[in-house]
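Please read these numbers as outputs of a predicted model, since none were measured by experiment.
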Amino acid sequence: INVAAYQALRDTIIAQSSRPVDFFEETVELSRFASPELRQDLSRLLRERYLLYPPDVVVTGLRSQLDFLTQGDTAIFTNVPVIGLALMDNGPGELAANAIPVRWHVDCSATLDLALRLQPRMTNLVIVAGSSPIDLLFVKPVKAAVERLDKSLHVTWLDHHSQAEVIDHIEKLTFPGDAVFYVSLNLDRGGIHRMSYETMNRIHKVSQVPVYGYLSSYLDHGLTGGHFMRAEELGKTGGEMVLRIINGEGDELMNRDFVMPNFHYLNWPEMKRFGFAAAQLPKDTVILNRPPGIWEAYWPWILGGSGLFM
């Protein structure tokens with residue numbers, strides 16, 4: 001799970017738990033442990049680490065990580081609840097009996113509809129994606145959404161390029177005819193592993209056009225908006241589930257599917273930058289990073305001053 005979701009999960013547990021809770025963090029990067037031998041080594045390491053002090057509950061993200069921890073010859077946690085946050089789809093086969101799925105539908109079509117609503121004169125859409133397993137996982141729903149677009153819209157895929165080539169291409173785009181859909185870029189054509197948010201930072205620094213996407217965490221790195229769930233809400237949901245489990249209510253969560261809702265989100269600074277009006281937005285749009293108005297910023301002084309004349 002990403003940093004924002006994890007922080008929200010921790011904050012929720014710490015704020016609501018009636019007793020201290022110990023957190024143990026592990027990095028399970030299966031894309032970098034691709035060979036069976038390395039995965040067995042990782043499984044063995046984690047199994048030995050928690051042999052004497054097993055956790056009460058485990059929280060993970062991707063379906064591949066959930067299966068790695070709970071099924072097959074790499075299974076480590078088979079007797080404790082394992083929450084899988086933001087599972088994109090059902091994946092192959094059945095989940096383990098101790099898995100608790102929290103699903104998320106990646107709605108790229110709604111994000112593209114939002115982009116076209118805000119930019120009705122758009123003629124060129126540039127899609128940026130890397131080539132790591134995580135990048136390719138999210139490319140699939142984007143391609144399905146692009147297939148449903150009007151064929152008059154030109155679509156350029158930057159999915160087999162170096163980071164430098166991506167930046168150079170985006171720097172030349174112009175508003176209002178062009179737009180960018182940022183998938184992720186964890187591995188570029190040069191075989192260099194990247195932090196996806198760092199690429200988003202670089203894109204925002206040079207881009208003269210809106211950048212849309214599917215992850216709320218990119219909003220803090222210049223994303224214009226999209227239709228997705230907020231990582232903070234995901235983390236809060238996960239934290240509340242953890243609390244129920246450690247309070248003895250875990251059985252009520254088993255054999256159930258939980259689904260995170262998506263909403264339209266727009267980044268206020270980018271909204272103002274490109275002149276998008278509130279009237280253009282869908283009714284369920286949440287505008288984030290909006291500066292406080294006079295009342296929100298100064299209400300104590302306003303009330304205090306009004307009291308002088310009462």
(request) Could you pull out the closest heavy-atom pair between Leu137 and Pro141, with the gap in Å? (result) O-CD, 3.4 Å
(request) List in chain and number order the residues that pass salt bridge (Lys or Arg N to Asp or Glu O under 4.0 Å) with Asp168, two or more places apart in sequence or in another chain; answer none if no residue qualifies. (result) Lys172
(message) Could you tell me if the side chain of Pro291 sits less than 4.5 Å from the side chain of Trp268, heavy atoms only?
(response) yes
(request) Using ring pair (Phe, Tyr, Trp, His ring centres under 6.0 Å) as the criterion, list what pairs up with Phe68, not counting sequence neighbours. (result) none
(request) Answer yes or no: is there a donor N or O on one side and an acceptor on the other, between the side chain of Glu165 and the main chain of Ser162, under 3.5 Å? (result) yes
(request) Please name all residues satisfying side chain to side chain contact (heavy atoms under 4.5 Å, CB included) with Ser131, sequence neighbours left out, ordered by chain then number. (result) Leu187
(message) Taking the ring centre of each residue, are Phe175 and Phe274 less than 6.0 Å apart?
(response) yes
(request) State the CG-CG distance between Leu266 and Leu288, to the nearest 0.5 angstrom. (result) 8.5 Å
Which donor-acceptor pairs under 3.5 Å do the side chains of residues 16-24 make with protein atoms, sequence neighbours left out?
residue, atom, partner, partner atom, Å
Ser17, OG, Arg19, N, 3.3
Ser17, OG, Arg19, O, 2.6
Arg19, NH2, Ile246, O, 2.7

(message) Checking the side chain of Gln65 only, and the main-chain atoms of Val28 only, is there a donor and an acceptor separated by less than 3.5 Å?
(response) yes
(message) Test: ring pair (Phe, Tyr, Trp, His ring centres under 6.0 Å). Region: residues 122-161. Which pairs qualify, not counting sequence neighbours?
(response) Phe138-Tyr214
(message) Whether the side chain of Thr111 engages the backbone of Gly226 through a donor-acceptor N/O pair (distance < 3.5 Å, no angle test) should be reported.
(response) no
(message) Can you tell me how far apart CE (Met200) and CG (Leu185) are? Round to the nearest 0.5 Å.
(response) 12.0 Å
(message) If the condition is side chain to side chain donor-acceptor pair (under 3.5 Å), which residues does Arg244 pass it with, not counting sequence neighbours?
(response) Glu249, Glu252
(request) Identify the heavy atoms of Pro210 and Gln119 that sit nearest to each other, and give their distance. (result) CG-OE1, 3.2 Å
(request) Answer yes or no: is there a side-chain heavy-atom contact under 4.5 Å between Leu42 and Leu38? (result) no
(message) I'd like to know if the side chain of Asp107 pairs up with that of Asn262 as donor and acceptor (distance under 3.5 Å, no hydrogens or angles considered).
(response) no
(request) Grab the two heavy atoms, one from Leu234 and one from Ala5, that are nearest each other, plus how far apart they are. (result) CD2-CB, 4.3 Å
(message) Please check: side-chain N/O of Glu232 versus main-chain N/O of Ala8, any donor-acceptor pairing under 3.5 Å?
(response) no
(message) So, taking the atom named OG in Ser109 and the one named CD in Glu147, what distance separates them when rounded to the nearest 0.5 Å?
(response) 10.5 Å
(message) Can you tell me how far apart OG1 (Thr60) and CG (Leu66) are? Round to the nearest 0.5 Å.
(response) 6.5 Å
(message) For a quick check under 3.5 Å, do Tyr50 and Glu26 share a side-chain donor-acceptor pair by atom type?
(response) yes
(request) May I ask you to check whether Arg202 and Gln163 show a side-chain donor-acceptor distance below 3.5 Å? (result) yes
(request) May I ask you to decide if Asn186's main-chain N or O and Asp135's side chain share a donor-acceptor pair within less than 3.5 Å? (result) yes
(request) Would you confirm whether Gln71, through its side chain, and Glu94, through its main-chain N or O, come within 3.5 Å as a donor-acceptor pair? (result) yes
(message) Donor-acceptor check, side chain of Glu240 to backbone of Thr237, threshold 3.5 angstrom: yes or no?
(response) no
(message) Could you work out, with salt bridge (Lys or Arg N to Asp or Glu O under 4.0 Å) as the rule, every residue matching Glu171, not counting sequence neighbours?
(response) none
(message) Can a donor-acceptor pair be found, under 3.5 Å and without considering hydrogens, that links the side chain of Thr285 to the backbone of Leu281?
(response) no
(request) List in chain and number order the residues that pass side chain to side chain donor-acceptor pair (under 3.5 Å) with Glu25, two or more places apart in sequence or in another chain; answer none if no residue qualifies. (result) Tyr6
(request) Examine distances only and state if a side-chain atom of Thr224 and a backbone atom of Val211 form a donor-acceptor pair shorter than 3.5 Å. (result) yes
(request) Not counting sequence neighbours, which residues clear side chain to side chain donor-acceptor pair (under 3.5 Å) with Asp113? List them please. (result) none
(message) Can a donor-acceptor pair be found, under 3.5 Å and without considering hydrogens, that links the side chain of Tyr182 to the backbone of Ser196?
(response) yes
(request) Go through Val80 and Val58 one step at a time and tell me if the side-chain contact (heavy atoms from CB on, under 4.5 Å) criterion holds. (result) CA-CA 7 Å; Val80 299; Val58 177; 4.1 Å; yes
(message) Is a donor from one side chain sitting under 3.5 angstrom from an acceptor on the other, for Ser43 and Arg47?
(response) yes
(message) Rounded at 0.5 Å granularity, tell me how far CG in Leu173 sits from CG in Leu125.
(response) 10.0 Å
(request) Output the distance between atom CG (Leu215) and atom CG (Leu223), rounded to the nearest 0.5 Å. (result) 8.5 Å
(request) Go through Val142 and Val106 one step at a time and tell me if the side-chain contact (heavy atoms from CB on, under 4.5 Å) criterion holds. (result) CA-CA 9 Å; Val142 177; Val106 182; over 6 Å; no
(message) Checking Pro269 now: which residues fulfil side chain to side chain contact (heavy atoms under 4.5 Å, CB included) with it, not counting sequence neighbours?
(response) Asn267, Asn289
(message) Applying ring pair (Phe, Tyr, Trp, His ring centres under 6.0 Å), can you list everything that pairs with His204, at least two apart in sequence or on another chain?
(response) none
(message) Once salt bridge (Lys or Arg N to Asp or Glu O under 4.0 Å) is applied, do any residues pair with Asp41, and if so which ones, sequence neighbours excluded?
(response) Arg44
(message) Any non-hydrogen side-chain atom of Leu95 less than 4.5 Å from a side-chain atom of Asp67?
(response) yes
(message) Tell me if the CG atom of Asp11 is crowded by more than 12 foreign heavy atoms within 6.0 Å.
(response) yes
